[in-house]
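Residue numbering restarts at 1 for every chain, and letters A, B, ... go by the order of the sequence lines. Heavy atoms only: backbone and side chains are in, while hydrogens, waters and symmetry mates are out.
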Number of protein chains: 2
Amino acid sequence: MPVDHEERRKQIAEALLRIADTEGLQSASMRAVAAEAGVSLRLVQYYFTTKQALLLDALARLGTQLQARMDRFVRAAGTPPTPRSTVTAILTSILPTDAESRRITRTYAAYYTLVLGDPALEKQATAQPDLLEGFLARQIGAAQESGEVAPERDPVMTAAGLLAMVNGLGSSVLGGQRTGDAALAVLTHHLDELFGEPR
Amino acid sequence: MPVDHEERRKQIAEALLRIADTEGLQSASMRAVAAEAGVSLRLVQYYFTTKQALLLDALARLGTQLQARMDRFVRAAGTPPTPRSTVTAILTSILPTDAESRRITRTYAAYYTLVLGDPALEKQATAQPDLLEGFLARQIGAAQESGEVAPERDPVMTAAGLLAMVNGLGSSVLGGQRTGDAALAVLTHHLDELFGEPR
DNA sequence: AAGGGTGTGGTACACCTGTACCATGAGCAT
DNA sequence: ATGCTCATGGTACAGGTGTACCACACCCTT
């Protein structure tokens, strides 16, 4: 058995994600995934016994991709990293402004309806935002100590608000209500207001 | 034909919305809707020729319900209405904090995936937020002129940010990441920060 | 050389989906 | 009374769904 299981699983899971991105999860039948991945239906069943398992694995991979993108953005944000550059990097990395972020955001959106109502998926999907929110809150707290952010702001509330705003902005972009650049402008306006003026 | 068409349509559409709320739209088959409404499958077909039509009509009704709720909140906000009370009323009315708003938010969420990718639904769903955003922006602008809001804030950006934040907060509540009260606390914190302190 | 697990293919099965079709009362106009 | 349109019921049909089952070829171990 010289086949690399992980490789095949990745190949199939990413086919699922591709379909979720372009046509939505409702079009991601086992057969469609198999065709997209260029394998037989049986193989999809073989590597992921059930559809639920495939969905869950693909969602985890999507999370990893987003994490990698955020890391990349944070690293590219500037040396030395300041709280402001870090927060800005993370939040802008989530916004659907380029091809990759649009893809990721759309795919997450495709999962959204599915996640509600399925506690198994729910746990998987809420763990990451919780950590992220705490991290952002700490960054804002640090910015407060260095005087960049007004002391009367509550770091936890502010972090939660910013993250929710980015989420909402992302939705509005996907819904065609706003362009990605417009959403970015809204975000930067609020960041400018939170930290000192322009930069 | 002494039957009231509008009444029957309402009965059926609301059955659809009830299913969308409790089990998601993927469980809202024509048969399920018929059963929920207590009518035959044929009748659902009769009053809404196609499923698409039923979905669209129900979505419009949902929009009307939300609009009614917002109106109610705004009227109850206080006399005379101030920009702050109006903005607060509208935004809190959207947040899933009580049974009705939870129902409305959940049902909108159920539509979310469907709306993306279907331009027909998209137009119907983005018209309302656009108007709302403009209205909020004007309220904030008025608050600026009376000195309640700092003049360096951009009303349009601020309105867009707040609305997006409320949207995102709603999602996090539905996802079980936060309680409705916690979301409300985040919102009021930001409103307090936007307008003068507490009240 | 034999055997057994592993990877793969094809296919069948039971079920659910939206929609189309046929039929039948009931009230009203002629 | 005789039609006619409206409102309703039942059911059939074609297609797609996830999953289960059967078969076979390979390679590694014994």
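- Atom CG in L54(B) sits roughly 12 Å away from atom C1' in dG18(C) (whole-Å rounding).
- Across all strands, F48(B) comes closer than 4.0 Å to no nucleic acid atom at all (heavy-atom distances).
- Residue R42(A) has its side chain nearest to dT8(C) when only dT8(C), dT11(C), dT17(D) are considered.
- OP1 or OP2 of dA7(D) has at least one side-chain nitrogen or oxygen of H5(B) nearer than 4.0 Å.
- Of the candidate nucleotides dA7(D), dT19(D), dT17(C), dT19(D) has the atom nearest to the side chain of Q45(A).
- Put simply, the side chain of L54(B) reaches to within 4.5 Å of the side chain of V33(B), judged on heavy atoms.
- Whole-Å rounding puts the Q26(B) CD to dC16(C) P distance at 15 Å.
- Atom NZ of K51(B) and atom P of dT17(C) are 8 Å apart (whole Å).
- Phosphate proximity of dT19(C) to T49(B): absent, as no side-chain N or O sits under 4.0 Å from OP1 or OP2.
- If you take OH of Y46(B) and P of dT24(C), they are 18 Å apart, rounded to a whole angstrom.
- OP1 or OP2 of dT17(D) has at least one side-chain nitrogen or oxygen of S29(A) nearer than 4.0 Å.
- Rounded to an integer number of Å, the gap from M30(B) CE to dG10(D) P is 18 Å.
- A salt bridge between E133(B) and R178(A) is present, with a side-chain N of the basic residue lying under 4.0 Å from a carboxylate O of the acidic one.
- Taking only side-chain atoms of L41(B), from C-beta outward, the nucleotide of dT17(D), dT11(D), dG18(C) with the closest atom is dT11(D).
- Going from atom CG of L43(A) over to atom P of dT6(C) covers 15 Å, rounded to whole Å.
- Between the side chain of R31(B) and the base of dG18(C) there is at least one donor-acceptor pair of N/O atoms closer than 3.5 Å.
- Taking 4.0 Å as the cut-off between side-chain N and carboxylate O, R103(B) and E14(B) do not count as a salt-bridged pair.
- Counting non-hydrogen atoms under 4.0 angstrom, R8(B) reaches the backbone sugars and phosphates but no base.
- What separates CD1 of I19(B) from P of dT17(C) is a distance of 10 Å, to the nearest Å.
- Side-chain contact between L162(B) and I140(B) is present, with at least one heavy-atom pair separated by less than 4.5 Å.
- Taking atom CD on E7(B) and atom C1' on dA7(D), their separation rounds to 16 Å, with Å as the unit.
- Using a 4.5 Å cut-off on side-chain heavy atoms (C-beta onward), D98(A) and R69(A) make contact.
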